[in-house]
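Structure first, commentary second.
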Amino acid sequence: MKILAIETSCDETAIAVVDATGDEKAAQFRVLGNALLSQVEIHKEYGGVFPALAKREHAKNLVPLLEAALEEAELLREDTQAISQETHDAITKLLEREPTLDEQLLAFLAETETPEIDAIAVTAGPGLEPALWVGINFAKALALAWQKPIVAVNHMEGHVLAALARGEGDALEIKDVAMPVLALLISGGHTELVLMKEWLAYELLGQTRDDAVGEAYDKVARMLGLPYPGGPEVSRLSESLRTPDVGCPTPYILPRPMLHDGTCDFSFAGLKTAVLYLLKDRDGLSDDEKAQLAYEFENAVADVLWKKTSRALLDSGARTLVIGGGVSANTHIRRVFTEKIASEHPGVELRIPSAALTTDNAIMIALSGFYRALRKEFADPAALSASGTRSLA
Ligand code: KG4
Ligand code: ZN
């Protein structure tokens with residue numbers, strides 16, 4: 001089954017074509033085409049993702065990325081096509097708020113044949129609603145023009161599946177997954193522990209009561225005068241102090257919020273505020289002090305994430321642990337989880353996404369699209385809408 005997947009939930013515009021075979025027990029995926037544009041440089045100026053700008057950039061980039069992904073997949077056939085007036089009008093209506101996208105898409109459709117794909121998968125949430133809508137309306141327009149079914153994908157399910165996938169280069173597979181699966185999803189908007197008891201059925205075990213962990217990273221980075229996105233910057237500073245086997249002596253002590261409260265919930269606002277207080281009476285920090293503070297911040301984050309995850313593993317009896325979302329790229333978190341799983345939960349298999357699949361991309365949307373299409377869970381285009389808070393559980 002060939003899936004064309006579209007991701008526009010945040011600040012990455014991505015389109016992938018993935019050929020999938022197999023079933024829920026064992027599936028193989030070949031990435032035929034993968035085109036992605038990050039808007040990070042554009043949003044840097046604003047110190048965070050600016051929704052109206054994200055939406056405009058998605059609209060500008062979707063057709064060029066579609067062309068690139070189909071071309072790489074060798075599914076682009078140029079030929080003059082007659083689009084019926086009815087289809088033309090329906091597409092223009094769908095894209096009435098994005099006149100440039102409408103124009104680009106109609107021109108593209110008029111000179112290319114319908115590609116040999118089986119379904120279109122699109123992120124329906126969670127994410128920034130204006131950004132999601134661009135991708136959704138684009139998917140609807142393609143579905144209409146090409147007469148293909150649409151699958152509405154939950155972005156967080158994409159992160160879970162990307163973490164479960166293994167392989168190299170363009171060949172991925174998802175198999176031998178010991179159930180249940182516990183997923184720690186950590187990104188700019190989410191911090192949650194979700195249990196997949198049965199394949200693609202979720203139960204929420206815990207979540208943040210205030211800030212997401214990526215948000216805490218980004219805010220602390222800003223306080224330290226580091227650019228957006230803050231996660232990689234804080235990590236770089238902190239890692240500069242992590243010589244093998246030698247714990248860095250740091251004068252700073254930050255709280256580990258809710259560490260011993262007996263729940264699987266998180267809180268990161270207090271940690272951020274503690275950093276703010278530390279900086280309040282100071283006239284800026286030296287580079288060494290910034291690194292020491294970043295180091296202690298990362299230790300506090302990793303302590304809390306591990307403790308809560310460990311509790312959820314015990315409570316749920318999960319046999320596989322996955323970490324997904326942008327923050328799962330973090331070197332220290334990966335290191336702590338890899339060491340702790342081996343020493344404290346040796347019977348649990350840890351799966352972490354490859355670097356390319358960690359940050360937002362369309363391949364992960366295609367993985368989810370495949371399983372949902374196998375179950376014939378197609379969306380009614382008329383009813384398909386964006387949901388910023390679309391939850392997994
Ligand atoms: O999943 P993602 O790409 O977008 C969503 O929020 O959905 O996650 C972005 C978040 C940002 O807060 C960013 O600072 C954080 O992931 N991040 C990191 C690292 N790379 C990205 N946080 C810590 N360490 C990193 N290496
Ligand atoms: Zn994400």
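Just follow the structure's listing: the first ligand is 1, and inside any ligand the first atom is 1. Hydrogens, waters and symmetry mates are skipped; everything else that's a heavy atom, side chains included, is used.
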In the protein, which heavy atom is nearest to [atom], and how far is it?
atom                    : result
atom 7 (O) of ligand 1  : Asp360 OD2, 3.7 Å
atom 21 (C) of ligand 1 : Gly326 O, 3.5 Å
atom 22 (N) of ligand 1 : Gly231 CA, 3.3 Å
atom 15 (C) of ligand 1 : Val327 CG2, 3.8 Å

Mind checking whether Glu12 has a heavy atom under 4.0 Å from ligand 1? no
Looking at ligand 1, would Pro232 count as a contact under a 4.0 Å heavy-atom criterion? yes
Atom name in Asp360, limited to N/O/S, at shortest distance from the Zn ion (ligand 2): OD1
Residues, nucleotides or ligands: over 12 heavy atoms within 6.0 Å of Glu377 CD: yes
Arg222 CZ: over 12 foreign heavy atoms closer than 6.0 Å: no
Are the side chain of Glu298 and the backbone of Ala300 linked by a donor-acceptor contact shorter than 3.5 Å? no
For the Zn ion (ligand 2), decide whether His159 has an N, O or S atom at a distance under 2.8 Å. yes
Select the closest option to atom 6 (O) of ligand 1 among Gly188, Gly214, Ala212, judged by heavy-atom distance. Gly188
Tell me the nearest of Val234, Val213, Asn330 to atom 26 (N) of ligand 1, using heavy-atom distances. Asn330
If you take all heavy atoms of Thr8 and Ala131, which pair is closest and at what distance? OG1-O, 2.8 Å
Distance under 6.0 Å and angle within 45° of the ring axis: does Arg209 meet both against Phe266? no
Is any N or O atom of Asp218, backbone or side chain, closer than 3.5 Å to an N or O atom of ligand 1? yes
